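For reference, the structure discussed in these notes is given below.
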Amino acid sequence: MSAGNNYGKDYTQYEKSNPKFHSNYGPFKIPKTSTEAKTMLPNLSSNLYNIKRNHITKRKQEQNAKILSLESSRNLSDLDKAKIIRRIKKAETIKRTFQKLGDFKKFNREL
């Protein structure tokens with residue numbers, strides 16, 4: 001949206017000028033009022049949570065498949081790639097662990 005366009009709270013002009021943000025774009029409808037947004041929020045946040053959770057398991061499966069295919073290769077560079085993927089996988093696990101610890105720390109501060 002450029003600085004010259006002032007659409008305010010009415011999204012209809014903005015939706016017409018930007019087809020990507022049209023209310024029928026994608027699986028989500030753009031709410032027109034705050035009450036409509038509040039009713040949509042719990043459903044959308046649960047969908048987002050499911051997408052995140054499924055993403056983690058799918059990524060792990062893809063990494064495991066890639067490691068197995070690279071380890072079955074006789075090429076030394078493929079074996080090195082498998083080591084790199086294993087290290088990335090370990091680093092992501094450590095990162096998630098520290099994020100959980102940080103969340104616990106924040107929770108304890110709030111108490």
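What you are looking at is a predicted structure, and each value in this text was computed from that prediction instead of being measured.
The distance from atom CG of Leu41 to atom OG of Ser46, rounded to the nearest 0.5 Å, is 9.5 Å. Note that CD of Glu62 is 10.5 Å distant from NZ of Lys66, once rounded to the nearest 0.5 Å. Atoms CG and OG, from Asp78 and Ser69 in turn, are 8.0 Å apart once rounded to the nearest 0.5 Å. For the atom pair Leu68 CG and Ile85 CD1, the distance stands at 10.5 Å (nearest 0.5 Å). Distance check: Ile56 CD1 to Thr93 OG1 gives 10.0 Å after rounding to the nearest 0.5 Å. Expressed to the nearest 0.5 Å, how far CG of Leu44 lies from CD1 of Ile51 amounts to 9.5 Å.
Here Asp103 pairs with nothing under the side chain to side chain donor-acceptor pair (under 3.5 Å) rule; sequence neighbours left out. For Gln99, the side chain to side chain contact (heavy atoms under 4.5 Å, CB included) partners are Lys95, Arg96, not counting sequence neighbours. Scored by the side chain to side chain contact (heavy atoms under 4.5 Å, CB included) test, Asn64 finds Lys89 as partners (sequence neighbours excluded). Legend: residues meeting side chain to side chain contact (heavy atoms under 4.5 Å, CB included) with Thr39, ordered by chain and number and at least two apart, are absent.
Smallest separation of non-hydrogen atoms from Met40 and Pro31: SD-CB, 4.0 Å. For Thr57 against Asn54, the heavy-atom pair with the smallest separation is OG1-O, 3.0 Å.
Between Glu71 and Arg86 there is a side-chain heavy-atom pair separated by less than 4.5 Å. Counting heavy atoms from C-beta outward, Leu79 and Leu70 have side chains that stay 4.5 Å or more apart.
Residue Phe104 is not grouped with residue Phe98 when hydrophobic side chains (ILVMFWY) are merged at heavy-atom distances under 4.5 angstrom, including chains of intermediate members.
Pairs passing the salt bridge (Lys or Arg N to Asp or Glu O under 4.0 Å) check and including a residue from residues 41-51, sequence neighbours excluded, do not occur. Residue pairs satisfying the salt bridge (Lys or Arg N to Asp or Glu O under 4.0 Å) criterion with at least one member in residues 37-56, sequence neighbours excluded, are absent.
Classification of Glu92 and Lys60 as a salt-bridged pair fails, no side-chain N sitting under 4.0 Å from a carboxylate O.
Side-chain N/O atoms of Ser73 and Asn75 include no donor and acceptor closer than 3.5 Å.
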